[in-house]
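Presented below is the structure to which this report refers.
Each chain gets a letter, A, B and so on, in the order its sequence line appears, and its residues count up from 1. What you see below is based on every heavy atom in this structure, not just the backbone, and it leaves out hydrogens, waters and symmetry mates.
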There are 2 protein chains.
Amino acid sequence: MVRPRKDERIDIKTRAVESAARLFVERGTDAVTMQDIAAEVGCRAPALYRYFPNKEALLLAVHDDGFRRLYAHKAAAGRTAGDDAYERLRLGGLAYVRFALENPNLYELMFIERGPFLRLNALRAAGNAEAEDIGQRSLEFLKTSILACQKSGYLEGLDPDAAAFTFWSVVHGAVSLALRRRGPFHAVEPERIVAQAVETMMALVARTSR
Amino acid sequence: MVRPRKDERIDIKTRAVESAARLFVERGTDAVTMQDIAAEVGCRAPALYRYFPNKEALLLAVHDDGFRRLYAHKAAAGRTAGDDAYERLRLGGLAYVRFALENPNLYELMFIERGPFLRLNALRAAGNAEAEDIGQRSLEFLKTSILACQKSGYLEGLDPDAAAFTFWSVVHGAVSLALRRRGPFHAVEPERIVAQAVETMMALVARTSR
DNA sequence: TCCTGTAAGTGAATACCATTAACTTAATGA
DNA sequence: TCATTAAGTTAATGGTATTCACTTACAGGA
C-alpha cells in the first residue's frame with residue numbers, strides 16, 4: 001500500500017495537530033515521538049514531513065492552536081463577567097492560573113518550552129514576515145483590563161503597558177514556579193499558593209484606589 | 001591507553017561540572033552532548049557515567065553549582081547595600097533580573113528547564129531524603145527582605161510568605177517572558193522592560209507605606 | 001482513452017545521541 | 001606475588017529525528 005485512494009484519504013495536516021495536541025497534553029512533548037503521532041493519525045512518520053518541516057514546526061502549530069482555543073475560551077468567559085473592572089482583573093488572573101495548573105503540559109508548551117519560540121525565530125530569520133506570535137495578544141487583553149481599572153480610579157499614574165506586563169509577570173511567574181515546585185509547596189497545594197499570589201497582587205492594586 | 005596512571009589522573013567529577021557549566025551556559029543544554037563535555041574534560045563519554053548516573057544528574061549538579069554562585073554573588077552585593085529595607089528590596093530585584101538576562105542559558109537551566117526538576121523528583125522518589133532543592137533558599141532571602149520592609153511600615157497586613165512568593169513571581173515571570181520575547185519587545189530592549197516591571201511592583205509597594 | 005508529470009505516501013537508510021557491555025590495565029592489600 | 005577492585009577504554013545497543021529512493025494514484029492534455 002503506497003498511496004491511499006481519494007476516498008480513503010485522511011486530512012493528515014489537521015489530524016496531526018489534533019493528535020499531537022492530545023499526546024503532548026497527556027505526556028509532555030519530550031515523551032511523544034513522531035511515530036506516536038503518526039500512529040495516532042494513521043500514517044507513517046515520514047508522511048508528517050510533507051506537512052511540517054520538522055517536529056518543532058508541529059510543536060508550533062499545536063502551540064498556536066492552543067492560543068486560539070484559550071482566546072475563544074476567554075472571550076466566552078469575558079462576556080459573562082460583570083462590569084466591575086477590578087473584579088474582572090482579579091477573576092481573569094484567577095482563571096489564568098487555574099487554566100495553567102489544570103493543563104500543565106499545554107501550559108509548558110505554550111509559555112515555557114523553548115521549541116516553539118526557536119521555531120518562530122527560525123521563521124523570522126528566514127524572512128517570513130507574517131510569522132507573528134499569536135501569544136502576544138494575551139497582553140492586549142490584559143492592557144484593556146488595566147485601562148478599565150484606571151478609569152475606575154485604580155493604579156493612577158502608572159504606565160498601562162508596564163502595569164499589564166507586570167501583572168502578566170505575576171501570574172506567569174507564579175504558575176511557572178509552581179510547575180517546578182519552587183516556593184513554599186511542602187505543605188500547601190500549588191493551587192492555593194498560586195491563587196494567593198494573585199490575591200496579594202490584587203490587594204496591592206486595591207490600595208492604589210483614590 | 002586504557003587507564004591513566006595515578007600521576008596523570010584528572011578529577012573528572014569536578015571538571016565535568018565546570019566544563020558542563022561552561023558549555024551549557026554558552027550553548028544551552030540541548031546543544032551540548034556528553035561527548036562534548038568529555039572532550040572538554042579530557043576523557044571519553046562513558047567515563048562520565050562513573051560519576052553521574054545520567055545526563056540529567058550532571059545537569060542537576062550544574063544547577064546546584066549555579067545556585068551556590070548566585071548566592072555568593074547576592075551575599076556580596078547585599079553587604080554593600082544600605083540599610084533602607086525598601087531600597088534593598090528594589091536593588092535585590094534589579095540585581096536578580098540583571099543576573100538572569102546576563103546569563104540567560106544559566107537561568108534557563110536553574111529555573112526554567114524541566115531536567116533538573118525531574119532529576120530532583122527522581123531522587124526523592126528513590127527515598128533520597130537529603131535531596132533538598134538548593135533553589136528554595138532564594139525564597140528565604142526574599143522573605144527576610146519583605147519582613148524588613150514591613151518593619152519599615154510597608155506592606156502592612158500582608159502575609160510575608162505570600163508577599164515573598166508574589167514578589168519572586170514578578171521577577172521570575174518578567175525574566176521568563178523576556179527570554180521568550182513575550183511582551184512589548186518589538187521596540188524596547190528586554191532589559192528596560194524587565195526593569196520596569198520591577199519598578200512598577202516597587203511603586204505599588206511604595207503606596208502601601210503608612 | 002492513453003500518456004505523462006506531479007502529489008502523497010511507503011519502507012529502508014542515515015546520522016546522532018545517550019547509555020550499556022565487554023574488556024584492559026592500574027592500584028591496592030593480604 | 002597475586003587476586004580483587006577501580007577507572008578507564010573501545011565497541012555495541014537502542015531510540016529518534018530526518019532523508020532517500022521508490023511506488024502508486026491522480027489530474028490534465030493529446
Side-chain angles (χ1 to χ4, degrees), chain A residues 1-17 19-20 23-24 26-63 109 113-119 122-123 126, chain B residues 1-17 19-20 23-24 26-63 109 113-119 122-123 126:
Chain A
M1 215 140 308
V2 170
R3 180 185 174 172
R5 305 217 186 124
K6 204 165 44 175
D7 52 340
E8 53 192 33
R9 275 267 195 54
I10 46 184
D11 181 358
I12 290 186
K13 190 162 187 174
T14 308
R15 294 196 44 173
V17 176
S19 300
L23 291 176
F24 288 156
E26 276 173 23
R27 311 183 198 165
T29 55
D30 285 350
V32 177
T33 72
M34 293 298 268
Q35 279 203 31
D36 294 337
I37 297 166
E40 196 86 355
V41 168
C43 65
R44 308 299 171 144
L48 300 173
Y49 287 81
R50 186 168 297 278
Y51 303 96
F52 305 92
N54 52 40
K55 192 182 179 183
E56 244 175 27
L58 186 44
L59 235 54
L60 181 59
V62 174
H63 160 280
L109 175 58
E113 289 199 14
R114 223 173 184 175
F117 167 66
L118 292 177
R119 173 71 193 157
L123 284 181
Chain B
M1 215 139 310
V2 170
R3 180 186 174 173
R5 305 217 188 125
K6 202 164 45 174
D7 52 340
E8 52 192 33
R9 275 266 194 56
I10 46 185
D11 182 358
I12 290 186
K13 189 161 188 175
T14 307
R15 295 196 44 173
V17 176
S19 300
L23 291 175
F24 288 155
E26 276 173 22
R27 311 182 199 166
T29 55
D30 285 351
V32 177
T33 71
M34 293 299 268
Q35 279 203 31
D36 294 337
I37 298 166
E40 196 86 356
V41 168
C43 65
R44 309 297 172 145
L48 299 173
Y49 287 81
R50 186 168 298 280
Y51 303 97
F52 305 92
N54 51 39
K55 193 181 180 184
E56 245 174 26
L58 185 45
L59 236 54
L60 181 59
V62 175
H63 159 281
L109 174 59
E113 290 200 12
R114 224 173 183 174
F117 166 65
L118 292 176
R119 174 71 191 155
L123 284 180

Between B:R9 and D:dG8, is there a contact of a side-chain N or O with OP1 or OP2 at under 4.0 Å?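 So the side chain of B:R9 is within the cut-off, an N or O lying under 4.0 Å from OP1 or OP2 of D:dG8.
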Interatomic distance, [X] [atom1] vs [N] [atom2] [rounded to whole Å]:
X     : N      : atom1 : atom2 : result
A:F52 : C:dA8  : CZ    : P     : 14 Å
B:L48 : C:dT20 : CG    : P     : 13 Å
A:D11 : C:dA7  : CG    : P     : 18 Å
B:R44 : C:dT24 : CZ    : C1'   : 15 Å
B:L59 : C:dT19 : CG    : C1'   : 16 Å
A:D30 : C:dA18 : CG    : P     : 13 Å
B:I10 : D:dG8  : CD1   : P     : 7 Å

Does the salt bridge (charged side-chain N to carboxylate O under 4.0 Å, His left out) test come out yes or no for B:R27 and B:D36, once each step is laid out? CA-CA 11 Å; B:R27 311 182 199 166; B:D36 294 337; 3.5 Å; yes
Kindly list each side-chain donor-acceptor pair under 3.5 angstrom involving residues 49-58 of chain B, sequence neighbours excluded, with atom names and distances?
from: B:N54; atom 1: OD1; to: B:E56; atom 2: N; distance (Å): 3.3
from: B:N54; atom 1: OD1; to: B:A57; atom 2: N; distance (Å): 2.9
from: B:K55; atom 1: NZ; to: B:V32; atom 2: O; distance (Å): 2.8

Applying a 4.0 Å non-hydrogen cut-off, can you work out what B:R50 is touching in the nucleic acid: base, sugar-phosphate, or nothing?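 It contacts base atoms.
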Contact class for B:Y51 (heavy atom, under 4.0 Å): base, sugar-phosphate, or nothing?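 Contact class for B:Y51: sugar-phosphate only.
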With sequence neighbours left out, write down each residue that passes side chain to side chain donor-acceptor pair (under 3.5 Å) with A:E26, or none if nothing qualifies.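 With sequence neighbours excluded, A:E26 shows a side chain to side chain donor-acceptor pair (under 3.5 Å) to A:R22, given in chain and number order.
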Can you sort out the partners of A:S19 under side chain to side chain donor-acceptor pair (under 3.5 Å), two or more places apart, ordered by chain and number?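 In terms of side chain to side chain donor-acceptor pair (under 3.5 Å), with neighbours along the sequence ignored, A:S19 is linked to no residue.
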Residues that A:R44 engages under salt bridge (Lys or Arg N to Asp or Glu O under 4.0 Å), provided they are two or more places apart: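 With neighbours one apart ignored, the set is empty.
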According to side chain to side chain contact (heavy atoms under 4.5 Å, CB included), who are the partners of B:L123, at least two apart in sequence or on a separate chain?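 So B:L123 forms a side chain to side chain contact (heavy atoms under 4.5 Å, CB included) with B:L60, B:R119, B:N128, B:A131.
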With the criterion being N/O to N/O and under 3.5 Å, what pairs connect the protein with nucleotides 16-19 of chain D, and how long is each?
from: D:dA17; atom 1: OP1; to: A:K55; atom 2: NZ; distance (Å): 3.1
from: D:dA17; atom 1: OP2; to: A:M34; atom 2: N; distance (Å): 3.1
from: D:dT18; atom 1: OP2; to: A:Y49; atom 2: OH; distance (Å): 2.8
from: D:dT18; atom 1: OP2; to: A:K55; atom 2: N; distance (Å): 2.9
from: D:dT18; atom 1: O5'; to: A:Y49; atom 2: OH; distance (Å): 3.4

